[in-house]
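These numbers come from the heavy atoms of this one structure, side chains and all, not from hydrogens, waters or symmetry mates.
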Amino acid sequence: MTSDDHLDKETSLTAILSENGIQAKAKSRFVSGVDRLLGNVTEIANVFLESKTGTKRSRIEAEKLLIQAAVSTLTAEVREDKLLAKQILENGFSQMSRRQLNKEKVIEAATIELKNSPPTKENSTTGPSELSDEFLNRFERYSEDASEDEVRAKWAKVLAAEIKSPGQFSAKVMRTLDEIDNQTATLFTNAASHRIGSSIPKALYNPAYTAQRALDEAGLIKQSITNIIQLGVKVTDNAGNEFWLVQFGKIAISFHDNDLQELISKANRSDLISWSEKDQTIGIVILGSTAIATSIMEILDDNSLGNCKALVAEFRKSKFKTSIYSLDPVTNNWIKTAY
């Protein structure tokens, strides 16, 4: 190799990740995961910074080593049958090479995903230092079979999401992702596009029976005869004023009406809001998303704030006095959002 060969240059993956905000434990999970999947942490840095030159060279060298190892272990009979030997080598290496390439493409895409959407400070400083062997073993198999760009992008998002927040993608979730058909996947993507946090308000998305049945059979949205509701709680602000708050992850909707029970009855919006006699509280009507669905939402686009505004607009049509609050990541206090 020449002195200016890419592989002769020491590239610090740690520095690359740090520059893009991937710190501490999240960075450790990325490095250990890539090392476990590819066996060469530095090489993925070269892929990310210097296109595919280093990878191609490594693959060529690997081909030579594989061929040499295969030839040295062939039986005397196979050595004498050159046609058979060639067929064995071509078939075996072709499959191994394709799987390795697929895996590299997925990890390269996951690197870009993490660069464009870095982990939060909380993600970077909490959780284990390494991804679990159970996750990596299953992920490796799925990524090796990812021969299409769309499938590679899906598994890249899974790896990036697991690095940010480990434990989300169980064997069952990954199996569902692998087996779900295109039609059901499209239905769920549409449903999830209306979510606020991990909840899908029925007022924003009320699927036809056939669509909900398909999502139910896929283990994503449970069909239910009675309404499922996101319960609210009564809180007090700094001025001593009481109001109701319904939380959707890091976003919440507040209700400042004096007699909500009466207003709910007058609104007659069974798809929007209800009063829980059992809990003596209000509840926003939502679809019954499963734990699998919640995990898969992590790799889909999130328009929670926009959806929350759309839901508030529905409440205001029915004369509810509502506002939006967001959870401040620094102070952990609820901050009123102008809308």
Side-chain angles (χ1 to χ4, degrees), residues 120 122 188 190-208 212 215 220-291 293-294 297-298 300-339:
T120 63
E122 181 181 358
F188 180 68
N190 183 27
S193 70
H194 297 87
R195 68 187 171 106
I196 305 175
S198 60
S199 299
I200 304 173
K202 201 170 182 180
L204 299 183
Y205 179 75
N206 192 1
Q212 190 159 347
L215 292 171
L220 299 171
I221 303 293
K222 291 183 178 179
Q223 285 185 306
S224 177
I225 298 175
T226 57
N227 281 334
I228 298 171
I229 59 175
Q230 190 95 352
L231 293 175
V233 294
K234 186 168 280 189
V235 298
T236 305
D237 63 17
N238 294 333
N241 301 310
E242 285 190 337
F243 61 94
W244 292 95
L245 197 70
V246 182
Q247 184 178 349
F248 296 90
K250 297 179 180 180
I251 296 179
I253 297 178
S254 65
F255 296 84
H256 303 267
D257 304 279
N258 293 327
D259 193 344
L260 265 176
Q261 190 173 359
E262 182 180 348
L263 186 57
I264 290 170
S265 177
K266 288 182 179 179
N268 193 27
R269 286 290 304 271
S270 60
D271 66 326
L272 182 63
I273 190 170
S274 67
W275 177 266
S276 172
E277 291 291 347
K278 176 183 176 182
D279 300 287
Q280 287 296 295
T281 183
I282 62 169
I284 294 179
V285 183
I286 62 173
L287 296 178
S289 303
T290 66
T294 300
M297 285 178 190
E298 292 299 316
L300 300 176
D301 293 336
D302 186 356
N303 185 34
S304 289
L305 182 57
N307 292 332
C308 193
K309 290 179 178 180
L311 187 60
V312 164
E314 289 296 315
F315 281 113
R316 291 177 179 176
K317 286 179 186 177
S318 296
K319 310 303 181 184
F320 288 91
K321 298 174 184 177
T322 56
S323 300
I324 299 174
Y325 283 77
S326 299
L327 193 62
D328 187 283
V330 178
T331 64
N332 208 35
N333 294 326
W334 289 103
I335 307 298
K336 190 174 182 178
T337 302
Y339 177 62

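Under a 3.5 Å cut-off, the side chain of Thr290 and the backbone N or O of Ala293 do form a donor-acceptor pair. Side chain of Asn307 to backbone of Ser193: a donor-acceptor contact under 3.5 angstrom is found. Proximity of a side-chain donor or acceptor of Ser289 to a complementary backbone N or O of Thr294 within less than 3.5 Å is not detected. Within the 3.5 Å criterion, the main-chain N or O of Met297 finds a donor-acceptor partner in the side chain of Arg195. Using modelled atom types, no side-chain atom of Ser254 and backbone atom of Leu245 make a donor-acceptor pair closer than 3.5 Å. For the pair Asp271 (side chain) and Lys202 (backbone), a donor-acceptor distance under 3.5 Å is absent.
Trp275 is listed as a side-chain neighbour of Ile282, based on a closest heavy-atom distance under 4.5 Å. Counting heavy atoms from C-beta on, the side chains of Asn227 and Ser274 never come closer than 4.5 Å. With contacts defined as side-chain heavy-atom distances shorter than 4.5 Å, the pair Asn190/His194 qualifies.
Around the CG atom of Asp259, the shell of radius 6.0 Å holds more than 12 heavy atoms that belong to other residues, nucleotides or ligands.
Rounding to the nearest 0.5 Å places CG of Asp302 at 7.5 Å from CD1 of Ile251. Separation of atoms NZ (Lys309) and CG (Asn303) is listed at 9.5 Å; rounding is to 0.5 Å. Taking CD1 of Ile273 as the reference point, atom CD of Glu314 lies at 12.5 Å (rounded to 0.5 Å). How far CD1 of Ile253 is from CD1 of Ile324: 6.5 Å, rounded to the nearest 0.5 Å. For the atom pair Asp257 CG and Lys319 NZ, the distance stands at 12.0 Å (nearest 0.5 Å).
Side-chain contact of Gln280 with Gln261: a donor-acceptor pair under 3.5 Å is absent, judged by distance alone.
Across every non-hydrogen atom of Ile196 and Leu311, the tightest pair is CD1-CD2, 3.8 Å. Nearest heavy atom pair, residue Val246 against residue Leu231, reads CG1-O, 4.0 Å. Phe255 approaches Phe243 most closely through the heavy-atom pair O-CB, 3.2 Å. What you find for Trp334 and Gly249 is that their closest heavy atoms are CH2-O, 3.7 Å. Nearest heavy-atom pair, Ser318 versus Leu272, reported as atom, atom and distance to 0.1 Å: OG-CD2, 4.5 Å. Here the closest non-hydrogen pair linking Glu242 and Thr236 is CG-OG1, 3.7 Å.
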Please test Ile200 against Ile286 for side chain to side chain contact (heavy atoms under 4.5 Å, CB included), starting from the C-alpha separation and ending with a verdict. CA-CA 5 Å; Ile200 304 173; Ile286 62 173; 5.8 Å; no
Test side chain to side chain contact (heavy atoms under 4.5 Å, CB included) on Leu287 and Ile228; report intermediate values, then the result. CA-CA 6 Å; Leu287 296 178; Ile228 298 171; over 6 Å; no
